Each structure stands twice: as structure tokens, then as C-alpha cells.
Amino acid sequence: MSTTTINLIDSFQEFKDFKNIDRPTVISVLEEVFRSMLRKKYGTDENCDVIVNPDNGDLEIWRTRKVMEDGFSEDDDLEIELAEVSKLDSTLEVGDDYIEQITLESFGRRAILAARQTLVSKVLELEKDEIFKKYKDRVGEIITGEVYQVWKKETLVLDDEGNELLMPKTEQIPADYFKKGDSVRAVISKVEMINANPKIIISRTAPEFLQRLFEQEVPEIFDGLITIKKIVREPGERAKVAVESYDDRIDPVGACVGMKGSRIHGIVRELKNENIDVINFTNNISLYITRALSPAKITSIKLDDETKHASVYLKPDQVSLAIGRGGHNIKLAGKLTGYEIDVYREAGEETDEDVDLEEFSDEIDSWIIDELKAIGCDTAKSVLALTVEDLVKRTDLEEETIKEVVQILKSEFE
């Protein structure tokens with residue numbers, strides 16, 4: 001057997017090992033490749049049988065021609081004359097079928113190389129189709145992959161089968177920093193065919209990513225007892241999640257946050273410390289807006305349902321809290337509720353400005369704020385009114401931590 005033939009058989013071997021292609025497809029592709037070789041060589045393949053065994057890469061080709069009287073053969077591809085056949089098999093008579101096995105070598109080296117090319121390209125095409133089909137159905141699912149290459153505008157990630165996934169810079173959280181070999185979780189956001197190549201885009205900034213993380217961490221959401229009504233995000237900065245429970249015995253916000261924040265903690269870490277506000281959904285718009293603006297406390301609210309406009313009045317110390325750092329809080333509350341929200345200071349007693357501790361949630365961890373609130377300090381001035389020693393004694397906080405907190409609070413008033 002010539003090496004070229006062996007090569008072709010090897011192609012089958014590779015071919016049957018391809019991960020995404022099923023056996024019947026393998027057989028029909030192989031058969032088609034050989035039938036086209038037969039048509040090139042003999043002008044027709046209708047009197048040929050191609051038998052492929054994908055298990056061991058064996059291939060047999062049989063050609064059948066009708067035995068004719070000498071001088072009566074009109075088509076040498078379908079018929080053979082007695083004089084010629086008797087040299088090959090003396091037992092045959094006119095009207096019999098002459099069946100012969102066609103060897104691969106008889107096609108010639110070039111035809112075999114061409115067949116190998118066709119085979120390989122058909123396989124690649126099938127592979128690409130399969131990858132496309134596989135991922136098309138998985139849009140919105142979370143996937144874990146390995147970072148293979150990091151470029152300026154995008155990162156190439158490989159799934160566990162080595163398929164390529166792309167994560168553009170715009171789909172990465174600003175604080176994301178990847179290097180080759182890192183494991184990364186993202187959601188499959190878009191799958192398309194571009195010039196016959198499947199392009200799979202994954203995202204860590206899509207609201208669906210946060211939704212899937214909640215489904216993974218909160219069994220009640222996964223089981224459908226709690227529904228996520230809406231998610232709005234400023235990736236890496238802040239997110240607001242409106243949840244609703246179908247069972248009065250379940251507190252949806254508590255279930256999502258978990259004991260001492262245990263459930264939400266993992267999500268916050270995955271999202272590079274994105275601040276996540278979980279709020280209870282309601283059809284009462286003014287209550288919904290009030291909740292959406294948390295942690296700010298609202299005094300009163302005026303709604304214009306025609307223009308979808310809300311005017312919110314707050315105590316002076318709550319205004320900057322409602323707006324939030326970089327305006328994220330108010331912007332997200334607006335997106336969540338579908339109302340344009342304007343914030344006004346409530347006229348009236350002009351007190352010496354004090355600032356709610358929640359406003360420092362970007363600089364001070366929420367558990368530290370909770371610790372301070374537990375001893376009755378919920379504004380900056382109420383903390384500064386106590387000495388560091390006092391604070392150390394009354395809370396479970398380290399002196400180092402308290403000094404940092406005091407420093408942050410003082411700088412607010414300077």
C-alpha cells in the first residue's frame with residue numbers, strides 16, 4: 001500500500017475521532033468524497049458501491065459492469081466485452097455482472113491527495129457548524145473557560161474542548177485583569193457566523209451574568225420560588241436587583257443576601273466588589289422608587305405618570321446618598337423603575353450638615369458600617385463624637401480599622 005493511501009486511511013482515523021461529529025455524518029462525508037473521485041475517473045458512480053467502516057478506517061469500493069458480446073458494448077463505464085472479461089474471469093458469460101474491487105492506488109497519487117484535502121476541509125466545515133449549533137442554543141448560560149491570550153481590545157478564552165470564545169474589552173468589568181492560564185466565568189452573550197467561522201462572544205458585564213450568578217447562589221431563585229424581575233448594572237460599580245417572592249413565607253431580599261451576606265458575598269467578589277442592592281419588587285410605583293433609591297431615606301415623593309417623572313424630596317444629609325458616587329445610584333434607580341427621578345432638598349430646618357454612614361459604602365466595607373450602626377452610630381458626626389478608644393471598646397473592630405474609618409469621615413468635613 002502506498003504511503004498516500006495510508007495517509008488517506010489516517011485521515012479517516014482522525015476523522016472518526018473528531019469530537020463533535022456523529023458516525024452517520026462521518027460515513028456519508030467519506031462516501032461522498034470517494035464517489036466524486038469515482039465520477040472523475042469513470043464518468044459515473046452509479047454502478048459502484050462504497051463501503052466505509054469508520055471504526056477501523058477500512059474502505060472498500062466495488063464496481064459492477066454488465067458482460068456484453070464483443071463489439072456490442074456502448075458504454076465502457078457500465079459494460080465490458082466478453083473478450084476482455086474472459087482474460088480476467090473465464091467463468092463469466094454474456095449477461096453476467098462482472099464485479100471488481102477498485103483499489104485506492106488506482107486513483108493515482110494526486111487524486112488521493114486532493115481527496116484528503118477535501119476530507120479535511122469538509123471536516124472543518126462540519127466542526128464549525130457543530131460549534132455554532134452547540135453555542136447557539138446556550139446563549140445566556142454561564143461558562144467557565146481558560147484565558148488563552150490577552151489583547152488590547154479583547155481576550156481569547158478557550159472552553160474545555162478548546163473552542164475559541166471572545167470577550168471584548170467592553171464586555172469586561174473595568175477592574176478585570178486577566179493573564180494567560182487564568183480561569184474566567186462569563187455568560188454566553190452572542191453567537192454568529194462570520195465568513196463561515198463561528199464567533200462566540202462572552203460577557204461579564206451583561207445583566208444576564210449577574211442573574212445567572214444569583215441562580216447559582218440562591219436555590220430559591222433556581223427553583224422559581226423567587227423571581228428576578230429586573231437587573232440594572234453599572235459593571236464593577238453598582239447594581240440593583242428587583243426580586244419578588246411567590247411564597248409569603250419567603251423574604252426574597254433576605255434569601256438573596258443570605259445569612260450575614262453569605263450568598264451575596266461570592267457574587268460581589270466575582271464582580272470585583274460591585275455594590276449590589278437587592279430590593280423587593282412592588283407594583284406600587286412610589287414605594288418601588290423609594291426602595292430603588294436605597295440606601296437614601298426619602299421624605300416625600302410626587303409622581304407624574306403621564307411623563308413617567310418622579311420628584312423626590314429628601315433631608316439635606318440624604319441627597320448625596322440618593323445620587324450616589326458618580327451619580328450611579330440615581331441613574332440605576334431610574335433604569336430600574338422606568339421613571340426619570342429628580343432629587344430635591346427638603347426645605348425647612350437647615351441643620352449643620354451631617355452625612356449618613358451609608359454614603360461612605362464605596363470606601364468603607366458594609367460590615368464595618370453595620371458594626372458601627374449596631375452601637376447607634378449611623379452618621380459621620382455620631383462616629384466622630386466618640387474617641388478611638390471608645391470605638392475599639394464598643395465594637396469588634398481593630399484599632400487600625402477604626403483609625404482608617406475616622407480618617408475617611410474627617411476628610412468629608414474638611
Side-chain angles (χ1 to χ4, degrees), residues 229-234 237-245 251-254 256-257 275-364 366-386 405 408-414:
K229 299 293 278 186
K230 190 165 188 186
I231 293 183
V232 288
R233 283 180 75 189
E234 286 286 324
E237 291 286 347
R238 189 164 212 141
K240 288 188 183 285
V241 183
V243 291
E244 189 176 31
S245 162
D251 160 28
V253 175
C256 291
V257 175
N275 240 312
I276 303 174
D277 300 328
V278 183
I279 67 166
N280 211 335
F281 177 79
T282 168
N283 287 316
N284 172 343
I285 291 295
S286 57
L287 181 56
Y288 193 32
I289 292 174
T290 306
R291 288 174 181 171
L293 279 170
S294 74
K297 295 179 180 60
I298 289 171
T299 315
S300 64
I301 187 166
K302 284 187 191 149
L303 292 181
D304 181 343
D305 295 328
E306 294 276 292
T307 58
K308 292 234 165 197
H309 209 274
S311 304
V312 174
Y313 297 88
L314 310 102
K315 290 206 171 80
D317 65 336
Q318 295 290 310
V319 172
S320 57
L321 194 53
I323 292 168
R325 191 178 75 173
H328 293 315
N329 200 50
I330 192 162
K331 188 164 141 199
L332 288 176
K335 276 190 186 167
L336 189 70
T337 56
Y339 272 65
E340 198 176 319
I341 302 172
D342 285 328
V343 169
Y344 299 101
R345 280 171 198 275
E346 200 183 20
E349 79 284 20
E350 276 304 318
T351 49
D352 200 14
E353 288 275 309
D354 194 355
V355 184
D356 197 305
L357 275 190
E358 290 281 356
E359 285 207 36
F360 296 93
S361 61
D362 295 321
E363 297 163 89
I364 303 172
S366 56
W367 62 272
I368 298 177
I369 292 177
D370 292 342
E371 195 66 45
L372 291 166
K373 281 177 158 179
I375 61 161
C377 298
D378 48 11
T379 66
K381 288 197 171 165
S382 63
V383 176
L384 295 174
L386 298 170
V405 169
I408 292 168
L409 299 180
K410 273 187 177 156
S411 64
E412 176 70 20
F413 296 107
E414 280 161 13

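Everything numeric here is computed off the predicted structure, so don't read it as measured data.
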Nearest 0.5 angstrom please: T337 OG1 to K308 NZ, how far? 8.5 Å
Would you check if H328 and N275 make a side-chain contact, meaning some heavy-atom pair closer than 4.5 Å? no
To the nearest 0.5 Å, what is the distance between CZ on R345 and OG1 on T299? 12.0 Å
Note: L336 and A242 closest approach over all heavy atoms is CD1-CB, 4.2 Å
Identify every side-chain donor-acceptor pair in residues 282-295 under 3.5 Å, counting partners at least two apart or on other chains, and give the distances.
{"residue": "T282", "atom": "OG1", "partner": "N284", "partner atom": "N", "Å": "3.0"}
{"residue": "N284", "atom": "OD1", "partner": "S286", "partner atom": "N", "Å": "3.2"}
{"residue": "N284", "atom": "OD1", "partner": "S286", "partner atom": "OG", "Å": "3.2"}
{"residue": "N284", "atom": "OD1", "partner": "L287", "partner atom": "N", "Å": "3.2"}
{"residue": "T290", "atom": "OG1", "partner": "S286", "partner atom": "O", "Å": "2.6"}
{"residue": "R291", "atom": "NH1", "partner": "N280", "partner atom": "O", "Å": "2.8"}
{"residue": "S294", "atom": "OG", "partner": "R291", "partner atom": "O", "Å": "3.2"}

Do V405 and L372 come within less than 4.5 Å of each other through their side chains, counting heavy atoms only? yes
Quick one: side-chain hydrogen bond (donor to acceptor under 3.5 Å, both in side chains) partners of K373, sequence neighbours excluded? E358
Closest contact, heavy atoms only, R233 versus A239: CG-CB, 3.8 Å
Separation between OH of Y313 and CD1 of I298, rounded to the nearest 0.5 Å: 12.0 Å
Please identify which of these residues, K240, R325, K331, meets the salt bridge (Lys or Arg N to Asp or Glu O under 4.0 Å) condition with E234. K331
By side-chain hydrogen bond (donor to acceptor under 3.5 Å, both in side chains), which residues pair with D342, not counting sequence neighbours? H309
Do L314 and L321 come close enough that some side-chain heavy atom pair is under 4.5 Å? no
Can you confirm whether L409 sits close enough to L357 that some side-chain heavy atom of one is under 4.5 Å from a side-chain heavy atom of the other? yes
